[in-house]
Amino acid sequence: MDTPFSTIAVVGLGTMGTGIAEVLARAGREVIGIDIDEAAGRRAVASLEASTARAVRRERLTEQERADVLTRFRTACDLSAAADAELVIEVVPESYEIKQQVFRELDAVVAPGTILATGTNALSVTRLAAESRRPERVLGLHFFNPAPAMKLVEVVSSVLTAPPAVEAVTRLARELGKEPVAVGDRPGFVADGLLFGYLNQAAAMYEANYASREDIDAAMRLGCGLPMGPLALLDLIGIDTARTVLEAMYAASHDRLHAPAPVLGQLSEAGLTGRKAGRGFYSYAAPGSQDVVPDALTPGEGAAAVAGRPVSRVGVAGSGTMASGIAEVFAKAGYAVVLAARSQEKADTAKGRIATSLGRSVAKGRLTAEAREETLARITPAGSLDAFGEVDLAVEAVAEDLLVKQQLFATLDKVCKPGAVLATTTSSLPVVSVARATARPQDVVGMHFFNPAPAMKLVEVVRTVLTADDVHATVREVCVKVRKHPVDCGDRAGFIVNALLFPYLNNAIKMVEEHYATLDDIDAAMKLGGGYPMGPFELLDVVGLDVSLAIEKVLHQEFRDPGLAPAPLLEHLVAAGCLGRKTGRGFREHARR
């Protein structure tokens, strides 16, 4: 099937259809935009005129090129206008009835060789194809919004699709400057299949009143480098759309992680569907606006109800990368720091690591040599926790082992002065279990930094049922002073970031186990379609497969959800000693350093 697709029809001129039409017209194709609503056609033309005018102002198009693009786009209100199209892409609402009606009418209009593509991201391509007279020429062509900017296109084959049809649209996607990823027919495909499970868990987390909407979104932006938080993204996508996608995913998987959180149904039924309605998880200046406005749930700007305890001297326990990074953060912010390790030699080595880190900052012009020396002078290495006698805040960053941490906190309880705040940096263990190792559990709090601590802005502040209000206030105040963004969450496995991140990573592994998609295609889909800085398998190899497995086990043990059970492939790789970059092999091979 060697077709140039010189004439292409786009059925449905909403935001996505209009964007796809623009991509095609700017790539030299004759485009017929079809919508039963004449006003939608007029809006599509106006949108193309505006976007091409901006391109001229930015010198990305000439006036003649703009005129040519506009000439190649025409609109119609009847599907008969698609008669001469070699490819038809439908992007009508996510409803089997509507899409099947479109396909039935197209069957009676287009030529026998025309390929029919659905833009669905939730419905079965196979079911749609089965209703057509030409099922071998029906496939999925899933663009991402905004279509002109997003590089990913998922090319979806059903068991009925002819390979030449797939090859033809894949070639077209590349000619459009897109990155096509071949996937099979299942709800959500790759990108949305992983993305919507994560969004659903974030909605459930919010519904449980575990953390505020602002803290959930900030945690995922700052902790994972995502362009948007999950709740803001749900508002952008449309809460009703997300619910439809999740319903389709749950119908296919029966995985509780895909069962739509009740809050999604409640908001949808109330018409609070996100930006397009002017209100969803957040409130907006007007329907369609991106400007968030304060509402009853917006945190107040006033002073904290409870004042924190004074902190001038900080103790950091540990000698690894995290401990060194945390000590650097406090020292740079002007705190006197005691860095204690199991021996003086280890403590001195840790301070040397900080000196090297600060030296890199000097070399990059981010720090003066004088500031480097002043920072180092504030750090006192010590070979014993006995040096913590006068610290106001003690932060432990030792091995992620409950017994080890409990023993350390029992020692801190004896060594630290009354009123000192004791903080654990655990990422997965119950903070209250650490607190109970002391005679002052009210002084214990979680203070989860992210690696590398000097660079990462997020700190998850974890208060237990026993944590005193002024201890919680102290840690939040300190976070602000060291230029970190604190988010509050309760004492349960994974806190915010890991509780949302690792089920997503686990689901990506399951996709590979099921031979649904390749490592490379999944990584490309999440980077290009979801805006993730790293694909899931790149991230797993960086984090370490053993670390990832340990967190997955903790999540599964706490929540007892079958969907959180670690993927067998992850367990097998860890058992084989393939732990990621640190061993030279994980999901991929890595050069040994």
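We use all heavy atoms of the structure for the numbers below, so side chains are in, but hydrogens, waters and symmetry mates are not. These numbers were taken from a predicted model, which means no experiment stands behind them.
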Quiz item: Side chain of Arg221, backbone of Ile216: donor and acceptor closer than 3.5 Å?
Solution: no
Under 3.5 Å, side-chain donor or acceptor atoms of residues 354-363 against the rest of the protein: list the pairs with distances, not counting sequence neighbours.
{"unit_1": "Thr356", "atom_1": "OG1", "unit_2": "Gly352", "atom_2": "O", "d": "3.1"}
{"unit_1": "Ser357", "atom_1": "OG", "unit_2": "Glu328", "atom_2": "OE1", "d": "2.8"}
{"unit_1": "Ser357", "atom_1": "OG", "unit_2": "Glu328", "atom_2": "OE2", "d": "3.2"}

Quiz item: Do Thr464 and Thr467 get their side chains close enough for a donor-acceptor pair, meaning under 3.5 Å?
Solution: yes
Exercise. Only one of Thr474, Asp392, Asp443 passes side-chain hydrogen bond (donor to acceptor under 3.5 Å, both in side chains) with Arg309; say which it is.
Key: Asp443
Quiz prompt | Arg436, CZ: over 12 other non-hydrogen atoms inside 6.0 angstrom | solution = no
Quiz item: Does Asp295 pair with Arg213 as a salt bridge, N-O distance under 4.0 Å?
Solution: yes
Quiz item: What orientation do Tyr198 and Tyr504 show, parallel under 30°, tilted 30 to 60°, or perpendicular over 60°?
Solution: tilted
Quiz item: Judged by atom type as modelled, is there a donor-acceptor pair below 3.5 Å linking the side chain of Asp401 to the main-chain atoms of Val404?
Solution: yes
Exercise. Answer whether the closest heavy-atom distance between the side chains of Leu466 and Val432 falls below 4.5 Å.
Key: yes
Quiz item: Under the 3.5 angstrom rule, does the side chain of Lys481 hit a backbone N or O of Phe330 as a donor-acceptor pair?
Solution: no
Self-check item: Residues Ser268, Arg243; criterion side-chain hydrogen bond (donor to acceptor under 3.5 Å, both in side chains); working and verdict
Solution: CA-CA 8 Å; Ser268 296; Arg243 184 189 179 196; 4.5 Å; no
Exercise. Look at the side chain of Lys553 and the backbone N and O of Pro566, then say whether any donor-acceptor pair between them is shorter than 3.5 Å.
Key: no
Exercise. Go through the steps to decide whether Asp413 and Arg440 satisfy the test salt bridge (Lys or Arg N to Asp or Glu O under 4.0 Å), and finish with yes or no.
Key: CA-CA 7 Å; Asp413 190 29; Arg440 41 174 143 175; 2.9 Å; yes
Quiz item: Would Asp488 and Arg476 pass as an ion pair if we require N to O under 4.0 Å?
Solution: yes
Quiz item: Do Tyr282 and Asp217 have side-chain atoms, one donor and one acceptor, less than 3.5 Å apart?
Solution: yes
Quiz prompt | Side chain proximity check, Asp192 to Phe189, heavy atoms < 4.5 angstrom | solution = no
Quiz item: Quick one: does Arg378's side chain have a donor or acceptor within less than 3.5 Å of a partner on Ala331's backbone?
Solution: yes
Quiz item: Ignoring hydrogens and geometry, is there a side-chain-to-backbone donor-acceptor pair from Glu460 to Val497 under 3.5 Å?
Solution: yes
Exercise. Please report the C-alpha distance between Leu505 and Phe537 in whole Å, then the side-chain angles of each, then the deciding distance to 0.1 Å, and finally whether the side-chain contact (heavy atoms from CB on, under 4.5 Å) criterion is met.
Key: CA-CA 8 Å; Leu505 296 175; Phe537 296 100; over 6 Å; no
Quiz item: Is it the case that His258 and Ser253 place a side-chain donor and acceptor less than 3.5 Å from each other?
Solution: yes
Exercise. Anything under 30° is parallel, anything over 60° is perpendicular, the rest tilted; go ahead and classify His448 against Phe450.
Key: tilted
Practice problem: May I ask you to decide whether Asp541 forms a salt bridge with Lys582, counting only side-chain N to carboxylate O separations under 4.0 Å? | Solution: no
Self-check item: Test item: Glu514 side-chain N/O and Tyr516 main-chain N/O as donor-acceptor pair under 3.5 Å
Solution: no
Quiz item: Is a side-chain N or O of Lys351 found less than 3.5 angstrom from the main chain of Leu376, in a donor-acceptor match?
Solution: yes
Quiz item: Under a 4.5 Å cut-off applied to non-hydrogen side-chain atoms, are Met228 and Leu236 in contact?
Solution: yes
Quiz prompt | salt bridge (Lys or Arg N to Asp or Glu O under 4.0 Å) between Arg588 and Asp520, intermediate numbers included | solution = CA-CA 10 Å; Arg588 293 186 175 90; Asp520 291 342; 2.8 Å; yes
Practice problem: Kindly give the heavy-atom pair with the smallest separation between Cys224 and Pro533, and that separation in Å. | Solution: O-CG, 3.4 Å
Quiz item: Any side-chain heavy-atom pair from Ile522 and Pro536 closer than 4.5 angstrom?
Solution: yes
Quiz item: Got more than 12 heavy atoms from elsewhere within 6.0 Å of CD, Glu345?
Solution: no
Self-check item: Distance-only donor-acceptor check, side chains Ser428 and Glu400, under 3.5 Å
Solution: yes
Self-check item: NZ/NE/NH1/NH2 to OD/OE distance under 4.0 Å, Arg275 and Asp291
Solution: no
Exercise. Could you walk me through whether Phe587 and Val512 pass the side-chain contact (heavy atoms from CB on, under 4.5 Å) test, one step at a time?
Key: CA-CA 10 Å; Phe587 282 98; Val512 171; 5.8 Å; no
Practice problem: Return yes if some donor-acceptor pair links the side-chain N/O of Lys510 with the main-chain N/O of Gly563 below 3.5 Å, else return no. | Solution: yes
Quiz prompt | Arg492 to Tyr210, cation-pi by 6.0 Å centre distance and 45° axis angle | solution = yes
Quiz item: Got a donor-acceptor contact below 3.5 angstrom from the Asn200 side chain to the Ala259 backbone?
Solution: yes
Quiz item: So, Tyr532 and Asp523: side-chain donor and acceptor under 3.5 Å apart, yes or no?
Solution: no
Quiz item: Do the charged groups of Asp386 and Lys414 touch, with an N to O distance under 4.0 Å?
Solution: no
Quiz prompt | Name of the residue among Val431, Val434, Asp491, Val462 meeting side-chain contact (heavy atoms from CB on, under 4.5 Å) with Thr426 | solution = Val431
Quiz item: Can you list the residues that meet the ring pair (Phe, Tyr, Trp, His ring centres under 6.0 Å) rule with His485, with sequence neighbours excluded?
Solution: none
